[in-house]
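Worksheet for the structure shown next.
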Amino acid sequence: MDSFSSPSSGSSATQFNPDAFKDQLKNQLAQAYAEEFLETLRSKCFDKCITKPGSSLGGSESSCISRCMDRYIEATGIISKALFSASPQ
């Protein structure tokens with residue numbers, strides 16, 4: 001039997017649950033978005049703030065990274081709100 005055939009009546013195959021599938025897909029997309037967001041945040045702020053990589057951060061580098069992360073997170077929130085409020089429900 002191929003994967004598109006219906007299971008035999010004696011089979012213990014589980015039924016496809018569209019709601020569970022949607023939830024799982026949403027969770028996977030949210031995780032992928034979070035990972036991409038953090039990687040983008042890390043690379044942008046590192047490139048902007050770390051001029052001489054070393055074994056520790058200087059005070060100006062540390063404060064630059066903090067400000068960069070705050071601004072990036074705030075900007076992403078503003079953009080997300082604008083996109084979601086403009087999209088049809």
Side-chain angles (χ1 to χ4, degrees):
M1 170 168 67
D2 63 21
S3 61
F4 297 107
S5 301
S6 61
S8 63
S9 60
S11 174
S12 63
T14 59
Q15 293 286 328
F16 175 72
N17 183 339
D19 291 331
F21 178 75
K22 268 198 235 179
D23 289 342
Q24 182 180 11
L25 185 59
K26 283 180 186 178
N27 289 337
Q28 288 176 348
L29 287 171
Q31 181 178 355
Y33 174 77
E35 289 172 3
E36 182 179 346
F37 176 79
L38 291 173
E39 177 59 26
T40 301
L41 179 65
R42 185 206 57 80
S43 67
K44 286 188 181 298
C45 292
F46 183 89
D47 291 345
K48 178 180 172 61
C49 298
I50 308 300
T51 55
K52 296 178 184 175
S55 61
S56 63
L57 292 176
S60 63
E61 292 173 329
S62 181
S63 102
C64 178
I65 287 177
S66 180
R67 285 191 314 268
C68 177
M69 290 174 57
D70 289 344
R71 284 194 306 259
Y72 193 80
I73 290 169
E74 181 181 4
T76 301
I78 291 168
I79 292 168
S80 295
K81 285 178 187 175
L83 287 173
F84 288 119
S85 67
S87 66
Q89 297 293 328

Side chain to side chain donor-acceptor pair (under 3.5 Å) contacts touching residues 41-62 (sequence neighbours left out):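 Residue pairs passing side chain to side chain donor-acceptor pair (under 3.5 Å), neighbours aside: E39-R42.
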
Enclosure of F21 CZ (heavy-atom neighbours >12, cutoff 6.0 Å):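 No, the 6.0 Å shell around CZ holds no more than 12 heavy atoms from other groups.
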
From L41 atom CG to R71 atom CZ, the distance as rounded to the nearest 0.5 Å: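 That separation rounds to 11.5 Å.
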
Within one Ile-Leu-Val-Met-Phe-Trp-Tyr cluster: I73 and Y33, side-chain cutoff 4.5 Å: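 Yes, it is one cluster - the side chains of I73 and Y33 are joined through contacts under 4.5 Å.
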
Same apolar cluster (I L V M F W Y, side chains within < 4.5 Å links), L29/L38: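 L29 and L38: separate clusters.
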
Test ring-ring contact (aromatic ring centres under 6.0 Å, His included) applied to Y72 - qualifying residues, sequence neighbours left out: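 Result, ring-ring contact (aromatic ring centres under 6.0 Å, His included) vs Y72: F37.
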
Distance SG-SG for C49, C68 less than 2.5 Å: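 No.
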
Any residue meeting side-chain hydrogen bond (donor to acceptor under 3.5 Å, both in side chains) with Q31, in chain and number order, not counting sequence neighbours: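 Per chain and number, Q31 pairs via side-chain hydrogen bond (donor to acceptor under 3.5 Å, both in side chains) with E35.
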
